[in-house]
4 protein chains.
Amino acid sequence: MGRKQSFTETELLDTTKQLVLEHGYDGFHLKLLSQHLSGARSTIYQYYANKEEIVAACMKRVMSAVLDKALAIDEAEPMDALEQLLLVYVEESALHQLLGNASKINTANSSAAARDLEYIEAGHQTLKIQLSRLFERAQQNKDLRQDIPLPVLIGVFFNLIDTPNMLNIPTPAWGKLLFQMWIGGAKS
Amino acid sequence: MGRKQSFTETELLDTTKQLVLEHGYDGFHLKLLSQHLSGARSTIYQYYANKEEIVAACMKRVMSAVLDKALAIDEAEPMDALEQLLLVYVEESALHQLLGNASKINTANSSAAARDLEYIEAGHQTLKIQLSRLFERAQQNKDLRQDIPLPVLIGVFFNLIDTPNMLNIPTPAWGKLLFQMWIGGAKS
Amino acid sequence: MGRKQSFTETELLDTTKQLVLEHGYDGFHLKLLSQHLSGARSTIYQYYANKEEIVAACMKRVMSAVLDKALAIDEAEPMDALEQLLLVYVEESALHQLLGNASKINTANSSAAARDLEYIEAGHQTLKIQLSRLFERAQQNKDLRQDIPLPVLIGVFFNLIDTPNMLNIPTPAWGKLLFQMWIGGAKS
Amino acid sequence: MGRKQSFTETELLDTTKQLVLEHGYDGFHLKLLSQHLSGARSTIYQYYANKEEIVAACMKRVMSAVLDKALAIDEAEPMDALEQLLLVYVEESALHQLLGNASKINTANSSAAARDLEYIEAGHQTLKIQLSRLFERAQQNKDLRQDIPLPVLIGVFFNLIDTPNMLNIPTPAWGKLLFQMWIGGAKS
DNA sequence: TATGAATGAGCATTCATTCAT
DNA sequence: AATGAATGAATGCTCATTCAT
């Protein structure tokens, strides 16, 4: 056996996630990353060939987790499903923020990164389809107002995710609260 | 006397605004900026002493515009005022996004940037106070539901600004629509 | 582990000393430095964070060497001690010339440079005190003429150091010669 | 007539002299120069084609002044002449310091600068010859000790010029004092 | 003539990536 | 396998010099 393992791939991706969220894609450096890990900067290249691949892999993993959770939702009752879905998105709000950086990844250098981004794009589509499916069914059930275009309803729903939880309400309650607001509006 | 300017300060700040929104603070380079202007990179230093000052001045100008518009609103009817305010924020949604970068500006190098950031911070406070004032009055008027904490109502209101307008609805109508959604909710 | 160093820290500081003496602080560039070393310019940053730190560290090292030698002198006989001290200063005449540049170092960027400069300043004081002590004792012993103010005697003594040794007399003899001149004057 | 004269050539050279002494050749910038004059930076190019020419012209002017004064000295009595000469050098101690920078001037760009430097070099020779002449005559007169090589006597004499006048003694008295020290030495 | 503005060359510094131990 | 060290490319910024009014 060679040297002891300095850090695991999971640690690497977890740290990457945290740092990209904190500093943005352009503010994310491998030097920064290595400072938050237990090994040397050059060791990172044992796992990934370049910066792009790291971030792409990180995004892919987050997407994968969201897909798992989102597709496990029981869609019998559309409105219930939407509430559960909102909770999933709020729990994994990193996804939305991370993906904002996806377009900055230069895939020219790296086919692995390109593949990951394709996976992410496909996942994105899957989620969109699920969301549209639920919204359409909810609308057919007359659960949603008709005077506002569906894409706007969806957009507002989706945008809720990033609302800062300044009172630090526990995530499940926070998800419920946002759903309430979205459903019932602000008016008394 | 002297040569004709190759670009104006306004062009410089407009371009900066666009590029910071597009690339984020860390992705914003003076090389990039000069490529979107008609002159050389070094010419930029005729206007501002360093990168920090450019971005700070850009933010200050946007803040100033928003303050002008926001403080001109007639606050007689709180709910009407909030609708108008939302429109202002949507029109100037750049403010919100730009200001997310404010903390990255290193003011150690530049007192001018520090001064601009103070102005921005003061403006931020002014806007917050206006918003709280209107919300409190609306709540006293029983215009807002009481079962949701005020900070959450405010947070959701404010977060609406960033909802992507994917149908490209004209801004005034878009503002109205968002306000409707916020007021009445999604349920039929 | 890791690659072999392309140059040592000692080589770096020695070269810096030579180049600062040759070109002055403002004429000293890292490009110049790297051209006199075996590695690339950016490798220098493995040792020191910036130009200021390099020069400050260089000065500190020279000061340290001079302090070691100067404080090792037996001060029993003031005039003998002064002769030895002059020899030390002549041997290390770089100190005097290097320190002329100390005020140009901008310590705002670098706490390490600031610390080194403080060390240098303290060493300076130590040397000054030693010199004053010896001169005062010499004067009490009536070894020095009284018609010339002590600071002038000291100033001239100190200034001797920079006399160019155009005949390339070996350093010990050169120091002795200067001391003779200083003591006895030029008149026959 | 065109615009009013913004600054004279004399002001330009005086300011240059002061700034080169203060900052050294490499620390001397045209921007700095223009900040100490009443006109714009580009106006400097009405007088001189480049930085090298400015500094060379400045040096030449100082050399010319020194030559005038030095060659006007009555050489009848060598020791008296040397005392007067030392006073001249002390009065014009800038010459010595300025000329330390002469080697840094790149004459490749400028024939005018090259011509000025030649003048300076010739003046240097003239002064050296005068000095040697006086020293030799003084030695023949047995006014100088024989046990120290003439070049050393000359070198020490010349080096006296740069002794810092920390008590701010008026120049004529300061010159006399230095001469006394040089003649009689420090011993009581 | 005087000058405000433009600019390219040059240096400081950072960082992703490669090397060699 | 892990890593310390090397490095070139990229960017921030300055300054001498030129341009055009």
Do C:Glu52 and C:Ser110 get their side chains close enough for a donor-acceptor pair, meaning under 3.5 Å? no

Which nucleotide, in any strand shown, forms a Watson-Crick or G-U wobble pair with E:dT14, with both distances under 3.5 Å? F:dA9

In whole angstroms, the gap separating P of F:dA1 from CD of A:Glu9 amounts to 14 Å

Give the rounded distance in Å between these two atoms: CG of D:Asn106 and P of F:dA16. 14 Å

Want to settle it: does A:Ser38 or C:Gly39 sit nearer the 5' end of DNA chain F, counting the closest nucleotide to each? A:Ser38

Can you tell me if B:Ser6 uses its side chain to pair, donor with acceptor, with the backbone of B:Ser38 under 3.5 Å? no

Looking at C:Arg61 and C:Asp14, is there a salt bridge between them, counting it only when a charged N and a carboxylate O are closer than 4.0 Å? yes

A:Ser64 side chain to A:Lys60 main-chain N or O, any donor-acceptor pair under 3.5 Å? no

Scan side-chain atoms only and decide if D:Glu9 and D:Tyr48 contain a donor-acceptor pair under the 3.5 Å cut-off. yes

D:Lys51 (side chain) donor-acceptor with D:Phe28 (main chain) under 3.5 angstrom: yes

Considering every strand shown, what is the Watson-Crick or G-U wobble mate of F:dT21 when both distances are under 3.5 Å? E:dA2

Encode nucleotides 13-20 of chain E as B, S and - characters from 5' to 3', where the letter depends on protein heavy atoms closer than 4.0 Å: B to the base, S only to sugar-phosphate, - to neither. BBSBBBBS

For B:Gln46, which contact category applies under a 4.0 Å heavy-atom criterion: base, sugar-phosphate, or nothing? base

Without decimals, in angstroms, what is the distance between D:Tyr47 OH and E:dT1 P? 10 Å

Below the 4.0 Å mark, does F:dT3 have OP1 or OP2 next to a side-chain nitrogen or oxygen of A:Ser6? yes

Within this structure, what is the CD-to-C1' distance between D:Glu53 and F:dA16, rounded to whole angstrom? 13 Å

Distance in angstrom units between B:Leu37 CG and E:dA6 P, rounded: 11 Å

Separation of F:dT3 C1' from A:Ile44 CD1 (nearest whole Å): 12 Å

Has B:Glu11 got a side-chain atom pairing as donor or acceptor with B:Thr8's backbone, closer than 3.5 angstrom? yes

